[in-house]
Amino acid sequence: FVMKIFKNRLLFPLEDKTFILSDDEKIQKLMGELRLLPGQSNPKPYHTWDEMDSDESFSRIFFYGIGAILLHNQSTNENRFKDLGIFQVDMNLKKYKVRDGFEPYGARVYFDAKQKVSA
């Protein structure tokens, strides 16, 4: 019942459009008009991740960012790769098919106790 109300075009005359802007100035203007700039409808960020090419930035993603849910402490389990690092991220995506001649999807990375990439 509630969704019927929201879909009623008389009560909510919404028109959904997709805009593709390539000019930074126009993008900033639109974001300002929609109040999507930091400190308006979006909160001000605590930090920025400007540099994303180094091992340190890679480590930050897994210890302090969205990748944290994939991080496993393997100091307490019996893992044959334990010597590669105390922390492991295993993105096993082998269930997805690839074309002949290509490696399966996925990756595994290890970090030492100081959160440095070790393997």
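Heavy atoms only: backbone and side chains are in, while hydrogens, waters and symmetry mates are out.
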Measure the spacing between [atom1] of [X] and [atom2] of [Y] and express it to the nearest 0.5 Å.
X    : Y    : atom1 : atom2 : result
D90  : R108 : CG    : CZ    : 4.0 Å
M91  : L70  : CE    : CG    : 6.5 Å
D23  : L30  : CG    : CG    : 11.5 Å
Q115 : Y64  : CD    : OH    : 3.5 Å

Heavy-atom pair with the smallest gap, counting every atom of [X] and [Y]:
X    : Y   : result
F12  : I5  : CD1-O, 3.4 Å
D112 : I86 : C-CG2, 3.6 Å
G85  : Q74 : O-NE2, 2.7 Å

Quick one: do M52 and I61 satisfy side-chain contact (heavy atoms from CB on, under 4.5 Å)? Show the steps, please. CA-CA 9 Å; M52 295 296 292; I61 291 170; 3.4 Å; yes
[X] side-chain N/O to [Y] backbone N/O, donor-acceptor pair under 3.5 Å:
X    : Y   : result
Q28  : M31 : no
E51  : D53 : yes
S118 : L84 : yes

Is Y110 reachable from L93 through a run of I, L, V, M, F, W or Y residues, each pair having side-chain heavy atoms under 4.5 Å apart?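 They do not share one cluster, since no chain of ILVMFWY contacts under 4.5 Å joins L93 to Y110.
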Decide side-chain contact (heavy atoms from CB on, under 4.5 Å) for F111 and V117; before the verdict, give the C-alpha distance in whole Å, the side-chain angles of both, and the deciding distance to 0.1 Å. CA-CA 4 Å; F111 298 93; V117 177; 3.6 Å; yes
Quick test of your reading of the model: are E56 and R60 salt-bridged, counting only N-O distances below 4.0 Å?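 Judged by the 4.0 Å cut-off on N to carboxylate O distance, E56 and R60 do not form a salt bridge.
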Above 12 or not: heavy atoms from other molecules or residues under 6.0 Å from CD of E33?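 Count over threshold, so yes.
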Would you say the rings of F87 and F63 are close, in the sense that their centroids are separated by under 6.0 Å?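 Yes, ring centres under 6.0 Å apart.
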